[in-house]
**Student:** 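Quick one: the structure is below, questions incoming.
Letters A, B, ... are given to chains in the order of the sequence lines, protein chains preceding strands, and every chain is numbered from 1.
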Amino acid sequence: MPPKKPGPAPAGGAWDWVFAPRRKGEKRFWLVKSEPDVFSFDDLMRRPDRTTPWDGVRNFTARNFLRDGMTLGDPVLFYHSNASPPAIVGVCEVVREAYPDSTALDRNDPHFDPDSDPKDPSWFMVDLKAVRALPRPLPLPELRANPALAGMALLRIGRLSVSPLRREEWDAVMSMAKA
DNA sequence: GCCAACGTTGGC
DNA sequence: GCCAACGTTGGC
């Protein structure tokens, strides 16, 4: 999947499986991070229609996942970073695919990016809707202890605020949450 | 195009 | 508060 400008292409590498064409009806799985002091899963549950624009992503790799990968109906894990302990706490769903991130174009917004051309925006957001809290939060140390999750982007690349999971990883997370 | 300096994220 | 990891910037 050729990413549009600007920003480096993830092509020819480890993330090919993320952008590969989908079979009809195939879902892909994602994880987003948020600091609960800033915006928690409970905050999302309290939003009208339990929905929010996921704005403020300012990392090209995360941007590419969000813009080129996330598809209507895809399930998304909600992770609390900078928490004690950091943990996966809930599930949400993509209810609107990528559109330009208005905060990047708003001079008065802390996430304003003067380099982003309104006619050809650099940054995008999707809308996420809360589905349900996990039966219990899954703290980071417990995730790390599960060999089935050794390849998970969250555990390998600390700073990615939007990342993909393989189906097997998603399933492993779900069974941990039930146990 | 290389790489050092710098800034940010985020676990601990 | 500290610091490791790593993305970004800018000099050359």
**Student:** With sequence neighbours excluded, tell me which residues meet side-chain contact (heavy atoms from CB on, under 4.5 Å) with A:Ile157.
**Tutor:** A:Trp15, A:Leu160
**Student:** Report for the helix from B:dG1-C:dC12 to B:dC12-C:dG1: angle between first-end and last-end helix axes, five pairs each, rounded to 10 degrees.
**Tutor:** 10°
**Student:** Per the side-chain contact (heavy atoms from CB on, under 4.5 Å) rule, which among A:Phe78, A:Trp54, A:Trp30 passes with A:Cys92?
**Tutor:** A:Phe78
**Student:** Identify all pairs in which a protein N or O lies below 3.5 Å from an N or O of nucleotides 4-6 of chain B, and state each distance.
**Tutor:**
none

**Student:** Taking C-beta and beyond as the side chain, do A:Val32 and A:Leu77 meet within less than 4.5 Å on heavy atoms?
**Tutor:** no
**Student:** Would you please name every residue forming a salt bridge (Lys or Arg N to Asp or Glu O under 4.0 Å) with A:Asp42, sequence neighbours left out?
**Tutor:** none
**Student:** Which residues within residues 148-162 of chain A lie with some heavy atom under 4.0 Å of an atom in DNA chain B?
**Tutor:** A:Gly158, A:Arg159
**Student:** Output all residues satisfying side-chain contact (heavy atoms from CB on, under 4.5 Å) with A:Pro53, sequence neighbours left out; order by chain, then residue number.
**Tutor:** A:Tyr99, A:Met125, A:Asp127
**Student:** With rounding to the nearest 0.5 Å, note down the distance linking CH2 in A:Trp170 to NZ in A:Lys27.
**Tutor:** 10.5 Å
**Student:** Could you note down all residue pairs passing salt bridge (Lys or Arg N to Asp or Glu O under 4.0 Å) where residues 47-58 of chain A supplies at least one of them, sequence neighbours left out?
**Tutor:** A:Asp49-A:Lys129, A:Arg58-A:Asp101
**Student:** Sort and list the pairs that fulfil salt bridge (Lys or Arg N to Asp or Glu O under 4.0 Å) and have at least one residue in residues 150-168 of chain A, not counting sequence neighbours.
**Tutor:** none
**Student:** Among all residues two or more places apart in sequence or in another chain, which pass the salt bridge (Lys or Arg N to Asp or Glu O under 4.0 Å) test with A:Asp74?
**Tutor:** A:Arg22
**Student:** With the side chain counted from C-beta on, respond yes when A:Thr51 and A:Leu128 share a heavy-atom pair under 4.5 Å apart, and no when they do not.
**Tutor:** no
**Student:** Considering only residues two or more places apart or on different chains, which pairs with a residue in residues 130-139 of chain A satisfy salt bridge (Lys or Arg N to Asp or Glu O under 4.0 Å)?
**Tutor:** A:Arg136-A:Glu142
**Student:** Round to a whole Å and report the spacing from CG of A:Asp37 to P of B:dG11.
**Tutor:** 13 Å
**Student:** Any residue in residues 75-84 of chain A with a heavy atom nearer than 4.0 angstrom to DNA chain B? Just list them by number, or reply none.
**Tutor:** A:Tyr79, A:Ser81, A:Asn82
**Student:** How many Å lie between CH2 on A:Trp123 and P on C:dG7, as a whole number?
**Tutor:** 13 Å
**Student:** How close or far is atom P of B:dT9 from atom CZ of A:Arg58, stated in whole angstroms?
**Tutor:** 11 Å
**Student:** Using atom types as modelled and distance alone, determine if a side-chain donor or acceptor of A:His80 lies under 3.5 Å from a backbone N or O of A:Phe41.
**Tutor:** yes
**Student:** Once salt bridge (Lys or Arg N to Asp or Glu O under 4.0 Å) is applied, what residue pairs with a partner in residues 79-97 of chain A remain, sequence neighbours excluded?
**Tutor:** none
**Student:** Nearest whole angstrom, please: distance from the C1' of B:dT8 to the NZ of A:Lys33.
**Tutor:** 12 Å
